[in-house]
Protein chains: 2
Amino acid sequence: MFESYHQILKRNRYKVTPQRKAILEVLDNTRGMHFTAEEIYNQVKKTNPQIGIATVYRTLELLVRLEIVYKSSFDEGRHRYEFYEGDRHFHHHFLCNKCGVIIEVEEDYLCQLEGVLEERGFMISNHNLRLYGLCPACHRKEKHPETR
Amino acid sequence: MFESYHQILKRNRYKVTPQRKAILEVLDNTRGMHFTAEEIYNQVKKTNPQIGIATVYRTLELLVRLEIVYKSSFDEGRHRYEFYEGDRHFHHHFLCNKCGVIIEVEEDYLCQLEGVLEERGFMISNHNLRLYGLCPACHRKEKHPETR
DNA sequence: ACCTAATTGATAATAATTATCATTTGCAAT
DNA sequence: ATTGCAAATGATAATTATTATCAATTAGGT
Ligand SMILES: [Zn+2]
Ligand SMILES: [Zn+2]
Ligand SMILES: [Zn+2]
Ligand SMILES: [Zn+2]
């Protein structure tokens with residue numbers, strides 16, 4: 001599984017450097033999280049203190065190009081990265097307006113809409129859906145404020 | 001209709017300046033379009049050559065705060081603005097991978113997904129969906145390249 | 001062990017957006 | 001109509017995420 005990223009790099013004639021391995025390891029250890037380049041940089045520095053942030057940006061772009069990593073914007077003025085789990089139709093993200101948590105939503109439910117559009121002549125290759133509101137914890141607190 | 005924006009500004013004790021009127025007018029004349037701050041700046045300069053781009057940014061932020069204007073990111077490294085048509089559940093956007101056109105999609109089709117999440121304890125207040133692929137024109141050309 | 005093109009780290013450059021601040025102005029009260 | 005002043009503006013500096021540059025280092029094939 002971790003070996004396979006090694007293979008993908010070799011197959012595309014990219015070198016397997018300690019920096020690239022360290023960045024892949026951080027991403028692998030934080031599945032389900034959505035980290036910024038700087039957050040990944042700070043994680044990687046723990047094991048590779050000499051690494052430069054330019055290498056982190058370059059490596060992330062490479063991994064995005066190789067479709068190993070998915071790059072998202074949640075409109076915060078910077079990007080977040082996570083392992084690409086291999087679905088062309090990627091999972092959705094729920095963002096809590098109160099606590100800021102990002103929760104992944106695996107259900108698709110867009111097939112119907114995409115079907116309508118394809119009947120209309122579109123070809124849909126991907127989608128990006130963000131849902132906003134209150135996560136269950138914040139929603140519960142809002143309904144029962146006395147339990148705070 | 002244009003009067004109402006005047007009213008909204010006054011009601012919230014903001015001054016109705018020529019710059020704000022000019023920016024609202026540009027947005028009003030380009031409904032269905034999705035312009036960047038700079039594009040709006042260039043439009044407004046035609047009637048108000050003295051305007052500064054800082055005023056455009058400030059006014060757009062104000063209008064977003066007043067929920068008159070909606071601000072979107074299409075991951076191009078800058079934002080785009082359009083009149084908020086008053087729906088809390090905003091229309092979707094289709095982006096053509098080939099010609100770059102942005103087409104609005106009015107159909108919702110997210111109620112089912114949002115219902116599932118609300119059963120799970122979430123409260124969904126808004127969503128943001130971007131669809132990617134080929135617009136009908138580009139899709140047709142791809143299927144019949146000889147007609148180019 | 002050697003060679004060389006790829007990679008790295010430091011840092012400068014870029015570009016969108018925001019902050020600063022002196023000047024101007026909308027508008028409410030006179 | 002005139003005045004007073006907080007709000008708004010325009011010019012521009014600052015900020016911030018990201019990209020480009022380039023000399024030094026290194027992975028991986030020979
Ligand atoms: Zn929450
Ligand atoms: Zn995710
Ligand atoms: Zn197209
Ligand atoms: Zn739109």
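Below, chains carry the letters A, B, ... as their sequence lines are ordered, and counting in each starts from 1.
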**Asked** With B/H93, which residues qualify under ring pair (Phe, Tyr, Trp, His ring centres under 6.0 Å), at least two apart?
**Response** B/H34, B/F74, B/H91
**Request:** Would you mind reading off the distance between B/R78 atom CZ and C/dT14 atom P, rounded to a whole angstrom?
**Result:** 17 Å
**Request:** Residues of residues 54-64 of chain A with any non-hydrogen atom less than 4.0 angstrom from an atom of DNA chain C: list those, numerically ordered, please.
**Result:** A/A54, A/T55, A/R58
**Prompt:** In chain order, what residues pass the side chain to side chain donor-acceptor pair (under 3.5 Å) check against A/T17, with sequence neighbours excluded?
**Reply:** none
**Prompt:** Which whole-number value in Å describes the distance from A/Y14 OH to C/dA5 P?
**Reply:** 17 Å
**Residue closer to the 5' end of DNA chain C, B/Q19 versus B/E38 (nearest nucleotide)** = B/E38
**Item:** Pairs involving residues 43-71 of chain A, ordered by first then second residue, that meet ring pair (Phe, Tyr, Trp, His ring centres under 6.0 Å) (sequence neighbours left out)
**Value:** A/Y70-A/Y84, A/Y70-A/F90
**Prompt:** If we fit an axis to the first five pairs and another to the last five of the helix from C/dA1-D/dT30 to C/dT30-D/dA1, what angle do they make, to the nearest 10°?
**Reply:** 30°
**Item:** Partners meeting side chain to side chain donor-acceptor pair (under 3.5 Å) with A/N42 (sequence neighbours left out)
**Value:** none
**Prompt:** Under the ring pair (Phe, Tyr, Trp, His ring centres under 6.0 Å) test, which residues partner B/F94, sequence neighbours left out?
**Reply:** A/F122
**Request:** For B/Q50 and for A/K10, find the nucleotide of DNA chain D with the closest heavy atom, then tell me which residue's nucleotide is more 5'.
**Result:** B/Q50
**Message:** According to side chain to side chain donor-acceptor pair (under 3.5 Å), who are the partners of B/R80, at least two apart in sequence or on a separate chain?
**Reply:** B/E39, B/E76
**Asked** Can you pull the contact range of chain A along DNA chain D, 5' to 3', using atoms under 4.0 angstrom from its heavy atoms?
**Response** D/dA17 to D/dG28
**Request:** Answer yes or no: is there an ion pair linking B/E142 with B/K98, defined by an N-O contact shorter than 4.0 Å?
**Result:** yes
**Fill in**
Those residues at least two apart in sequence (or on a different chain) that pass ring pair (Phe, Tyr, Trp, His ring centres under 6.0 Å) with B/H79 are none
**Prompt:** How is B/I53 classified with respect to the nucleic acid when contacts are heavy atoms under 4.0 Å: base, sugar-phosphate, or nothing?
**Reply:** nothing
**Message:** Under the rule for side-chain contact (heavy atoms from CB on, under 4.5 Å), what residues qualify as partners of A/V64, not counting sequence neighbours?
**Reply:** A/V69, A/K71, A/Y81
**Asked** What is the minimum heavy-atom distance between A/C135 and A/C96, and which atoms define it?
**Response** N-SG, 3.4 Å
**Asked** Does C/dA6 have OP1 or OP2 sitting under 4.0 Å from an N or O in the side chain of A/R13?
**Response** no
**Asked** Residues in side chain to side chain donor-acceptor pair (under 3.5 Å) with B/E107, at least two apart?
**Response** A/R120
**Asked** In whole Å, what is the span from the CG atom of A/N12 to the C1' atom of C/dA5?
**Response** 17 Å
